[in-house]
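Right, one structure below, let's go through it.
Numbers for residues simply follow the sequence, beginning at 1.
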Amino acid sequence: MANFSKPSVPRFSVDVYQNEYLPEGGREVNAIVTVTSTGGGTLAGATAAPRPAGPDAGAAVALMVDCSGSMDYPPTKMRNARDATAAAVDTLRDGVHFAVIGGTHVAKEVYPGGGRLAVADAVTREQAKQALRRLSAGGGTAIGTWLRLADRLLFSADVAIRHGILLTDGRNEHESPEDLKAALDACAGRFTCDARGVGTDWEVKEVTSIASALLGTADIVADPAGLAADFTRMMETAMGKEVADVALRVWTPVGTTIKFVKQVAPTVEELTGRRTESGPRAGDYPTGSWGDESRDYHVCVEVPAAGLGQEMLAARVSLVVPQPDGSAQNLGAQGLVRAVWTDDMTASTSINPQVAHYTGQAELAQAIQEGLDLRKAGDIDGATAKLGRAVQLAGASGNADTAKLLAKVVDVVDAATGTVRLKAKVAEADEMTLETRSTKTVRVKK
C-alpha cells in the first residue's frame, strides 16, 4: 500500500515566450505562457517519498466503475476492473474522503453508502476492497447518472480538492447525449475527472468529452490487464494535487481583443469559450487542480494598430483561485505580453520557436481528428491528405509517440513530405488509441 502524507503547497511561476515585434499595421500578438508549480505533491513525475501520514481533510475522490452487462465479456474484464479499483483505493492517502460508485443505467453507492464519503485509513480501505469483491456486471450504461451521484457525494465533505476517476467499457446507450451534456455542464467547475475506456466497444468522443469538460485526462486501456497500473498512476497523481480551481486570469487594455486562449501542453485543450468575466477587461480561464507540474498555454490577442516605435502592454496574465464571494486569491505569479511596432523586417517577421511549435501541435491534433473522421466516412482521399499532414507535423515537431501511433493506421512513404497510404486493415484498438491520444503534445525544447 502506498500511503503518503500531505505534501507541501506548491509555489507558482509564469514565464512568457513571444516575439513582441510587429510590422507597421500589425495587430496580432501570440505568446506561449508557461505556468509551473513547484514544491507540491510530485517531483519529476514520481510521487513524493513516504512519510508518516497524518489526518488530511483536503481532498475527496469518487471512483466510478462501469458494472454494465458488457463488463462480463470477457469475464476477466470485470475482475480486472475490481482489481484496478482496489489498487486505486490502496493508493489513497490517510484522511482523504472517498467513495466507490457502481455504474449501470443507474448509479449505486458501492462503498461506504448512505449518501456519504468514507475517510481513508487501514480499516476503510479494507472495507472498500471487500465491497468491491461483491461487484457484478448487469444492466445498461447512463454515465450522466454516475457523474451526478459523484458530484453529490464529493460535496458532502468540506474539502478543497474534489476528483473523480471514471471507467467505462461501452457506449452511453441508456441516456440521451443531451442528458450526458447536462450532467457535464452541472459538474463542470465542481470537480475534476479522469476518464478511461477499457477494451474497444466504447465511444472515444464520449470519453474524451467527459475528461475535457471536467479538466481531467482521457485514455484507452485496450487490454484490461493494464487497468491496475493505470488506476494506480491516476490516483497517485490525484493525491499530488494541492491547489484546486486555479484560473488563468487574462487582463487586456482598452481596444484589445482576445482571439483565443488554449492549453497546448501536455495536451491541447480549448479554453476560449470557458471564460468568466472577472472585472473590467479581465477574464478567468479554468485550469483545474495543480500539484507539482508545468503546463503551457497559447494566448492570442488582437491589439489596436499603432505607429512605428510605439509599444504597449498587450495582456497581463496572472494566476488566481476564484472565491465563492466573487473575490479571488492571487497566487502571486504573473507574466506580461508586449507589442512593439518596428520597421526592422527581420525582427517583425521572426516567429517565436515556442509559438511555432505549439501552433504545429494544435494543427497536428486537428489533422488526426479530421483524418480519422474522414476515414470512418469513407473519404479515402481526404483521410489520406489529413493523416499525411499529421505524419509530417509529428515528424517535424519530434512527437515520436504520435508518429508511432500514426504508423499503425497509415503506411508512411515519406514523413518529411507527408506522403502516406491508408492501411487496408487497422486494428480497432490502434485507431482508438490514436484518436484518444491525438491531443497529447510534446514540449518544445526551450
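- Between D169 and K77, at least one side-chain N (NZ, or NE/NH1/NH2) sits under 4.0 Å from a carboxylate O, which counts as a salt bridge.
- For the residue pair E302 and T257, no side-chain donor N or O sits within less than 3.5 Å of a side-chain acceptor on the partner.
- The local environment of CD in Q366 is sparse, with at most 12 non-hydrogen atoms from other residues, nucleotides or ligands closer than 6.0 Å.
- Checked by atom type, the side-chain pair T34/R295 shows no donor-acceptor distance below 3.5 Å.
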List the steps, then state whether salt bridge (charged side-chain N to carboxylate O under 4.0 Å, His left out) holds for R233 with D230. CA-CA 5 Å; R233 283 192 299 270; D230 188 66; 3.5 Å; yes
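- Note: W290 CH2 to K241 NZ = 8.0 Å, rounded to the nearest 0.5 Å.
- Taking 4.0 Å as the cut-off between side-chain N and carboxylate O, R152 and E109 do not count as a salt-bridged pair.
- By the 6.0 Å contact criterion, NZ on K181 is open, its count of non-hydrogen atoms from other residues, nucleotides or ligands being 12 or less.
- One finds the CG atom of D411 at 5.5 Å from the CZ atom of R421 (value rounded to the nearest 0.5 Å).
- A donor-acceptor pair shorter than 3.5 Å cannot be found between the side chains of D219 and T436.
- A donor-acceptor contact under 3.5 angstrom links the side chains of E270 and T272, judged on distance only.
- A donor atom on one side chain and an acceptor atom on the other are not found under 3.5 Å apart for R11 and T36.
- No more than 12 heavy atoms of other residues, nucleotides or ligands shown are found within 6.0 angstrom of NZ on K408.
- Taking a 6.0 Å sphere around CD1 of I351, one finds it holds 12 or fewer heavy atoms contributed by other residues, nucleotides or ligands.
- Taken from CD in E428 to OG1 in T433, the straight-line distance is 10.5 Å, to the nearest 0.5 Å.
- A cation-pi geometry, defined here as NZ or CZ lying under 6.0 Å from the six-membered ring centre and within 45° of its normal, holds between R190 and F155.
- No donor-acceptor contact under 3.5 angstrom links the side chains of E293 and S37, judged on distance only.
- H163 and T192 form a side-chain donor-acceptor contact under 3.5 Å, judged by distance and modelled atom types alone.
- In this structure, OG1 in T402 is found 7.0 Å from CD in Q361, a value given to the nearest 0.5 Å.
- More than 12 heavy atoms of other residues, nucleotides or ligands lie within 6.0 Å of NZ in K205, so this atom counts as buried by the packing criterion.
- Remark: K108 NZ is loosely packed, at most 12 non-hydrogen atoms of other residues, nucleotides or ligands lying under 6.0 Å away.
- Atom CG of D284 is separated from atom CG of D245 by 11.5 Å, given to the nearest 0.5 angstrom.
- Looking at N172 and T141, their side chains never bring a donor and an acceptor atom within 3.5 Å of each other.
- Annotation: cation-pi pair R249/Y285 absent, no NZ/CZ under 6.0 Å from the ring centroid and within 45° of its normal.
- Side-chain contact of S397 with N399: a donor-acceptor pair under 3.5 Å is absent, judged by distance alone.
- With 3.5 Å as the limit, one finds no donor-acceptor pair spanning the side chains of T267 and T439.
- With respect to E269 and R274, a salt bridge is recorded, a charged nitrogen being found less than 4.0 Å from a carboxylate O.
- Using a 4.0 Å cut-off between charged nitrogen and carboxylate oxygen, D401 and R437 do not count as a salt-bridge pair.
- Around NZ of K386, the count of heavy atoms belonging to other residues, nucleotides or ligands within 6.0 Å does not exceed 12.
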